[in-house]
There are 2 protein chains.
Amino acid sequence: MDKKKLTFIEESGLMFEQLGMTRMVGRVFGYLLVSDQDEVSFEQIREVLGASKGSISGTTRQLIQIGLIEPVSLPGDRKTYFRITELELGKLLKSRMELFGRFSKTLANARNVKNREDSVAGWLLEASVFYGWIGDQIDEVIDKWHREKDQIIKTKIGTKKNE
Amino acid sequence: MDKKKLTFIEESGLMFEQLGMTRMVGRVFGYLLVSDQDEVSFEQIREVLGASKGSISGTTRQLIQIGLIEPVSLPGDRKTYFRITELELGKLLKSRMELFGRFSKTLANARNVKNREDSVAGWLLEASVFYGWIGDQIDEVIDKWHREKDQIIKTKIGTKKNE
DNA sequence: TTTTTTGTTCAAAACTTATTGAACTAATTG
DNA sequence: CAATTAGTTCAATAAGTTTTGAACAAAAAA
């Protein structure tokens, strides 16, 4: 396997780790991203990543659960293959934003628990409104993306040439 | 200490854990949020949370580093006190969005590593543009918040009464 | 200067999470 | 049906992280 690809796979592992998932999740996802095949077999993943069957089994399960990859089975072939789910963009972001929604609720709750209307209480009110509001705003931005993406992508590629 | 507050402190711990920080970080922050004092001493935090000095020392350091709390010292008092930093809203969100910026770069990089212009490559282009673009959009949304927050908060409180 | 207070540091312990590997199940082939 | 292949499960282990606690440093008080 191409050295560049292996490097990329490790990078991907580290990135996913930073996003709160495991390194192995990032590696498997990274491998499927850069593979030159449409789908890759369980055994091939295990071999390239040098991991155990148990590890690949658990990791692919997680990735399927998150929705980042999907299993593929072929007639006349008992192996399981995997491929990248071409996610609707914004879904991952939306799910991350839900964390902020919960953060917002916790902040609102903090306010109820306080015995004093001090400056922190004022800030808590503002913050809980903010994090609630921002969720809706981001939904709108994502809608805008779907409406205008062709234009946005064209523009982006255009400007890239002049960098 | 109020039972409601202790419950809140634990909730806060769990939430911060989910955001990728430690439980103790969440607890200290939670305690400062709901405390009825403007600032709280090191020893008081240690006592309420039933943790060691070493633990409080490391945790407060982290929280200061993130910018969520700040140390306060008083003349004629050798103790260190801590209080919530009344963060400009949106800063936390912005720093989280930087992760998406990096995600975007990683996706763009994956595209360079591939030897084939397949459907995943197309998706990678779209995704890397998306995650770059969304960062700017969110900056705009945050600016909008600062311009219109008074109105937004008033509206939110108004609707809350009718829930 | 000696003592006390306040907080820091860091090695060890406790805990948590990820990974392996061997035994197992399910499905297919011959 | 027996043999083979593919993948799962789970207990044991490895790896990593957090917390403690004892020794230490800094600063103020006596």
(message) Side chains of B:Lys5 and B:Asp36, heavy atoms from C-beta outward: is any pair under 4.5 Å?
(response)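 The answer is yes; the side chains approach within 4.5 Å.
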(message) Could you tell me if the side chain of A:Met97 sits less than 4.5 Å from the side chain of A:Ile134, heavy atoms only?
(response)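 SC-SC contact between A:Ile134 and A:Met97 confirmed.
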(message) Once you measure the plane-to-plane angle for B:Phe16 and A:Phe103, does it fall in the parallel (<30°), tilted (30-60°) or perpendicular (>60°) bin?
(response) perpendicular
(message) Ring-plane angle category for B:Trp123 and A:Phe29, please: parallel below 30°, perpendicular beyond 60°, tilted otherwise.
(response) perpendicular
(request) Output the distance between atom CG (A:Asp2) and atom NZ (B:Lys114), rounded to the nearest 0.5 Å. (result) 12.0 Å
(request) Working to the nearest 0.5 Å, report the span between CZ of B:Arg46 and OG of B:Ser41. (result) 10.0 Å
Grab the N/O contacts between the protein and nucleotides 19-21 of chain D below 3.5 Å, and write none if there aren't any.
residue: D:dT20; atom: OP2; partner: B:Ser52; partner atom: N; Å: 3.0
residue: D:dT20; atom: OP2; partner: B:Ser52; partner atom: OG; Å: 3.2

(message) Could you tell me the boundaries of the chain B footprint on DNA chain C, defined by atoms under 4.0 Å from its heavy atoms?
(response)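 Footprint of chain B along DNA chain C, 5' to 3': C:dT4 to C:dT9.
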(message) Please enumerate all residues that pass ring-ring contact (aromatic ring centres under 6.0 Å, His included) together with B:Phe130, with sequence neighbours excluded.
(response)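 Residues passing ring-ring contact (aromatic ring centres under 6.0 Å, His included) with B:Phe130: A:Trp145.
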(request) Do nucleotides 25-30 of chain D as a string where each nucleotide becomes B, S or -: B if the base has a protein heavy atom under 4.0 Å, S if just the sugar-phosphate does, - if no protein is that close. (result) ---BS-
(message) Between A:Phe42 and A:Met1, is there shared hydrophobic-cluster membership here, with clusters defined by ILVMFWY side-chain heavy atoms closer than 4.5 Å?
(response)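 Yes.
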(request) Have a look at the helix from C:dT1-D:dA30 to C:dG30-D:dC1 and give the angle its two end axes make, five pairs each, rounded to 10 degrees. (result) 0°
Throw together a table of side-chain donor-acceptor distances under 3.5 angstrom for residues 59-67 of chain A, partners on residues two or more places apart or in other chains.
residue: A:Thr59; atom: OG1; partner: A:Ser55; partner atom: O; Å: 2.8
residue: A:Thr60; atom: OG1; partner: A:Ile56; partner atom: O; Å: 2.8
residue: A:Thr60; atom: OG1; partner: A:Ser57; partner atom: O; Å: 3.1

(request) Search all heavy atoms of B:Ser128 against all heavy atoms of B:Ala108 and return the closest pair with its distance. (result) CB-N, 3.7 Å
(request) Inspect the contact between A:Glu148 and A:Lys154 and indicate whether a charged nitrogen and a carboxylate oxygen are less than 4.0 angstrom apart. (result)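 Salt bridge between A:Lys154 and A:Glu148, a charged N being under 4.0 Å from a carboxylate O: no.
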(request) Using heavy atoms to find the nearest nucleotide of DNA chain D for A:Arg61 and A:Asp77 separately, return the residue whose nucleotide is more 5′. (result)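 The 5'-side residue here is A:Asp77.
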(request) Step by step, work out the side chain to side chain contact (heavy atoms under 4.5 Å, CB included) result for B:Arg23 and B:Leu14. (result) CA-CA 6 Å; B:Arg23 227 176 262 190; B:Leu14 293 172; 4.0 Å; yes
